[in-house]
Amino acid sequence: MKVDNDLVIRHVAGETLLILTGKAALDNPGIITLTESGELLVRKLQEGCEFDDLVDCLTEEYEVAREQAEQDVTKFLGKLKERGLL
């Protein structure tokens with residue numbers, strides 16, 4: 001699974017921003033603010049990680065239950081898909 005290549009993560013004034021460039025910017029004008037876990041998931045998606053890898057990453061990094069991590073990843077991926085970024 002991989003996110004659109006036109007996504008750039010930047011840290012500005014204490015915020016983590018997902019900046020859309022290229023075709024992604026045409027379809028989704030604006031900038032998306034990411035949480036710490038959102039940034040982690042986008043970076044993993046840029047590496048080509050799959051669903052189970054993303055869940056494992058959240059459970060290891062934040063010590064959350066697997067069921068909660070699965071729900072969070074599903075929700076996050078759904079938001080990316082809605083915007084055509086995945």
Side-chain angles (χ1 to χ4, degrees):
M1 187 176 329
K2 203 153 174 123
V3 289
D4 191 307
N5 288 332
D6 294 329
L7 304 180
V8 178
I9 296 174
R10 292 287 183 258
H11 297 273
V12 178
E15 297 286 333
T16 302
L17 306 175
L18 184 61
I19 301 170
L20 311 175
T21 64
K23 185 178 180 318
L26 295 174
D27 298 336
N28 297 285
I31 295 173
I32 300 168
T33 302
L34 294 173
T35 62
E36 185 179 315
S37 58
E39 177 184 3
L40 176 64
L41 292 175
V42 170
R43 290 194 185 280
K44 292 297 182 181
L45 285 166
Q46 288 174 326
E47 295 172 7
C49 288
E50 295 297 324
F51 182 84
D52 286 334
D53 300 320
L54 298 173
V55 171
D56 290 342
C57 188
L58 283 186
T59 58
E60 292 168 12
E61 185 71 25
Y62 298 104
E63 298 179 11
V64 297
R66 184 160 190 86
E67 182 178 298
Q68 181 63 53
E70 287 173 349
Q71 291 173 5
D72 292 346
V73 170
T74 299
K75 184 176 178 181
F76 187 78
L77 294 177
K79 288 181 180 183
L80 291 178
K81 285 179 186 175
E82 283 176 15
R83 296 188 102 176
L85 300 175
L86 187 62

Just to verify, what does C49 make a side chain to side chain contact (heavy atoms under 4.5 Å, CB included) with, not counting sequence neighbours? K44, E47, D53, L54

Not counting sequence neighbours, list each pair that qualifies as a side-chain hydrogen bond (donor to acceptor under 3.5 Å, both in side chains) and has a residue in residues 71-84. Q68-D72

For residues V73 and L40: do they belong to one hydrophobic cluster (side chain heavy atoms under 4.5 Å, members Ile, Leu, Val, Met, Phe, Trp, Tyr)? yes

Give me the atom names and distance for the closest heavy-atom approach of F51 to E70. CZ-O, 3.8 Å

Could you grab the distance from atom CG of L41 to atom CG of L80, nearest 0.5 Å is fine? 8.5 Å

Out of the candidates I32, I31, V8, T33, only one should pair with L18 under the side-chain contact (heavy atoms from CB on, under 4.5 Å) rule; please name it. I32

For E63, salt bridge (charged side-chain N to carboxylate O under 4.0 Å, His left out) partners two or more places apart: none

Would a single hydrophobic cluster contain both F76 and L17, if residues Ile, Leu, Val, Met, Phe, Trp and Tyr are joined by side-chain heavy-atom contacts under 4.5 Å? no

Hits for side-chain hydrogen bond (donor to acceptor under 3.5 Å, both in side chains) against T35, two or more places apart or cross-chain, chain-then-number order -> S37

Could I get the full list of salt bridge (charged side-chain N to carboxylate O under 4.0 Å, His left out) partners for D52, not counting sequence neighbours? R66

Just to verify, what does E39 make a side chain to side chain contact (heavy atoms under 4.5 Å, CB included) with, not counting sequence neighbours? I9, H11, T16, L34, R43

